Amino acid sequence: MSESSWALTLAPRLAQFEAVARHEHVTRAAQELGMPQSTLSRAIVRLEEDLGVALFARHGRTLSLSPAGRAFLSSVERALADVERATEAVRADVDPEAGKVAFGFLHTLGSETVPGLLRTFRADHPKVRFQLVQNYGEAMIERLRAGDLDLCLTSPVPDYPDLVARRLDEQKLRLVVPEDHRLATRKRIRLVEAADELFVTLEPGYGLRRITDALCTEAGFTPKVAFEGEEAETLRGLVAAGLGVALLPPPAVPRPGVVELTVTAPRAVREIGVAWLDGHVDTPPVAAFKKFLLSRRGELLS
């Protein structure tokens with residue numbers, strides 16, 4: 001018999017065996033399990049026949065474990081305890097008041113936006129637990145598909161047939177230049193005026209990189225990329241060191257050594273949206289948090 005067949009055969013009988021072993025009495029075990037004594041007796045006999053091992057020594061109405069039965073009981077108790085813990089964990093995750101939400105978001109939303117959202121949501125749902133994942137957009141979408149995330153905040157707003165996505169807000173992007181740069185005295189700039197500059201950008205695959213490339217194309221040039229990174233504040237540090245310029249969302253805290261210019265043309269923004277797997281059945285806490293996020297349309301970044 002294969003391992004999977006053993007599992008299918010034995011799983012329904014483990015709790016019955018454990019009850020009989022604990023009581024050493026079929027009648028009392030049957031009463032606890034709420035089943036007829038004769039049915040339980042037949043089940044134990046079939047279990048022994050299937051295993052080819054005598055699990056009990058019988059003494060009239062009472063039973064005692066055989067050496068093989070004691071060894072088997074030890075493993076059965078561990079298995080049943082694992083099932084009990086797993087059951088409690090999954091039930092806790094879907095508890096409307098104290099369940100869990102697996103929530104992904106962009107690194108650039110992690111310093112202020114997401115903490116503010118969670119603070120507001122937990123004012124009405126103080127016991128809901130969050131598993132927080134920071135990553136770039138495509139990585140979070142793959143984790144949605146794998147079932148590792150319930151919801152994610154990402155940019156650009158994804159457009160895939162297996163996902164549902166809703167636009168929540170938009171964020172202005174600025175051209176960030178070193179404080180001693182020739183453009184640092186400006187307040188506003190057309191992006192084409194930076195066509196000859198070296199750019200520092202996020203790596204290919206990041207949403208902000210796609211947006212940067214698209215805006216530069218719309219402005220009529222292809223950016224000359226000097227450095228690629230994985231995090232917006234690292235790029236600001238590279239700009240401050242005089243290694244290039246960058247299109248970035250506003251920082252949570254002003255960064256010394258750089259000047260941030262408003263881009264007047266083309267319109268430099270990135271849309272922020274929430275996405276989830278189409279057809280995914282929401283637990284009550286996920287449904288509540290999704291409803292909360294959708295209620296923040298136009299106010300997500302305020």
Side-chain angles (χ1 to χ4, degrees), residues 104-114 134-141 152-159 165 167-273 275 298 300-302:
F105 53 92
L106 301 170
H107 288 93
T108 49
L109 301 177
S111 57
E112 286 191 342
T113 299
V114 168
Q134 290 178 271
N135 216 319
Y136 66 98
E138 287 299 320
M140 286 193 294
I141 287 170
C152 70
L153 286 181
T154 188
S155 177
V157 180
D159 182 18
R167 180 187 180 278
L168 296 179
D169 215 335
E170 67 177 27
Q171 189 173 44
K172 290 183 179 179
L173 301 179
R174 300 168 177 172
L175 185 70
V176 185
V177 302
E179 62 182 359
D180 59 354
H181 192 273
R182 64 180 179 86
L183 299 172
T185 58
R186 301 275 296 276
K187 297 291 185 183
R188 295 173 177 79
I189 189 172
R190 291 177 299 116
L191 190 55
V192 68
E193 296 178 74
D196 294 331
E197 301 292 331
L198 293 177
F199 276 72
V200 296
T201 71
L202 296 179
E203 295 177 350
Y206 283 70
L208 187 57
R209 172 61 180 272
R210 295 201 302 274
I211 293 170
T212 295
D213 290 347
L215 287 171
C216 291
T217 297
E218 188 176 349
F221 68 97
T222 299
K224 297 187 283 289
V225 177
F227 294 91
E228 295 176 334
E230 297 181 344
E231 204 272 324
E233 288 312 302
T234 299
L235 300 187
R236 269 194 177 80
L238 295 173
V239 173
L243 299 176
V245 303
L247 276 171
L248 296 174
V253 178
R255 174 72 182 249
V258 301
V259 175
E260 309 214 359
L261 310 177
T262 299
V263 178
T264 58
R267 186 169 181 267
V269 298
R270 67 169 181 172
E271 292 187 334
I272 308 293
L300 185 78
L301 303 175
S302 58

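A quick note: this is a predicted structure, and the numbers were derived from the prediction, not measured.
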Separation between CG (Leu106) and OG1 (Thr113), nearest 0.5 Å, reads 10.0 Å
Those residues at least two apart in sequence (or on a different chain) that pass side chain to side chain donor-acceptor pair (under 3.5 Å) with Glu197 are His181, Arg182
Sorted by chain and residue number, the side chain to side chain donor-acceptor pair (under 3.5 Å) partners of Glu228 (sequence neighbours excluded) come out as Arg209
Here the pair of heavy atoms bringing Thr201 nearest to Thr212 is CG2-CG2, 4.3 Å
Salt bridge (Lys or Arg N to Asp or Glu O under 4.0 Å) pairs touching residues 243-254, sequence neighbours excluded, are none
Output for pair (Leu175 CG, Arg186 CZ), nearest 0.5 Å, gives 10.0 Å
side-chain hydrogen bond (donor to acceptor under 3.5 Å, both in side chains) with Thr108: of Glu231, Arg270, Gln134, only one passes, and it is Arg270
Sequence neighbours excluded, the answer for ring-ring contact (aromatic ring centres under 6.0 Å, His included) partners of Phe199 is none
Nearest heavy-atom approach of Gln171 to Pro250 is CG-CD, 3.9 Å
Q: Indicate yes or no: at least one non-hydrogen side-chain atom of Leu301 is less than 4.5 angstrom from one of Leu168.
A: no
Contacts of Thr264 meeting side chain to side chain contact (heavy atoms under 4.5 Å, CB included) (sequence neighbours excluded), chain-then-number -> Arg188, Arg190
The side chain to side chain donor-acceptor pair (under 3.5 Å) partners of Ser155 (sequence neighbours excluded) come to none
* Heavy atoms, side chains only, cut-off 4.5 Å: are Leu247 and Ile211 in contact? -> no
Given side chains that start at C-beta, do those of Pro158 and Met140 come closer than 4.5 Å, heavy atoms only? no
In a table with atom names and distances, give each donor-acceptor pair under 3.5 Å that connects a side chain of residues 235-245 to protein atoms at least two apart or in another chain.
from, atom 1, to, atom 2, distance (Å)
Arg236, NE, Glu260, OE2, 2.8
Arg236, NH1, Glu233, OE2, 2.8
Arg236, NH2, Pro249, O, 2.5
Arg236, NH2, Glu260, OE1, 3.3
Arg236, NH2, Glu260, OE2, 3.1

Residues at least two apart in sequence or cross-chain that pass side chain to side chain donor-acceptor pair (under 3.5 Å) with Arg167, listed by chain then number, are Glu170, Glu271
Using atom types as modelled and distance alone, determine if a side-chain donor or acceptor of Lys172 lies under 3.5 Å from a backbone N or O of Val263.
no
d(Phe105 CZ, Thr154 OG1) to nearest 0.5 Å is 12.0 Å
In short, ring-ring contact (aromatic ring centres under 6.0 Å, His included) pairs touching residues 245-271 with sequence neighbours left out are none
Closest non-hydrogen atoms of Gly205 and Glu138, given as atom of the first, atom of the second and distance, are O-CG, 3.7 Å
Original post:
Under 4.5 Å between any side-chain heavy atoms of Ile189 and Thr262, yes or no?
Top reply: no
ring-ring contact (aromatic ring centres under 6.0 Å, His included) pairs touching residues 211-233, sequence neighbours excluded, are none
Those residues at least two apart in sequence (or on a different chain) that pass side chain to side chain contact (heavy atoms under 4.5 Å, CB included) with Ala214 are none
Rounding to 0.5 Å, atoms OH (Tyr136) and NE2 (His107) come to a distance of 10.5 Å
Looking only at heavy atoms, the pair that brings Val157 and Ala165 closest together is CG1-CB, 3.6 Å
Nearest heavy-atom contact between Ala184 and Val259 is O-CG1, 3.6 Å
Contacts satisfying salt bridge (Lys or Arg N to Asp or Glu O under 4.0 Å) that involve residues 241-253 (not counting sequence neighbours) are none
From the list Leu208, Leu248, Leu191, side-chain contact (heavy atoms from CB on, under 4.5 Å) with Leu173 holds only for Leu208
Shortest non-hydrogen pair, Ala219 vs Val192, comes out as O-CG2, 3.6 Å
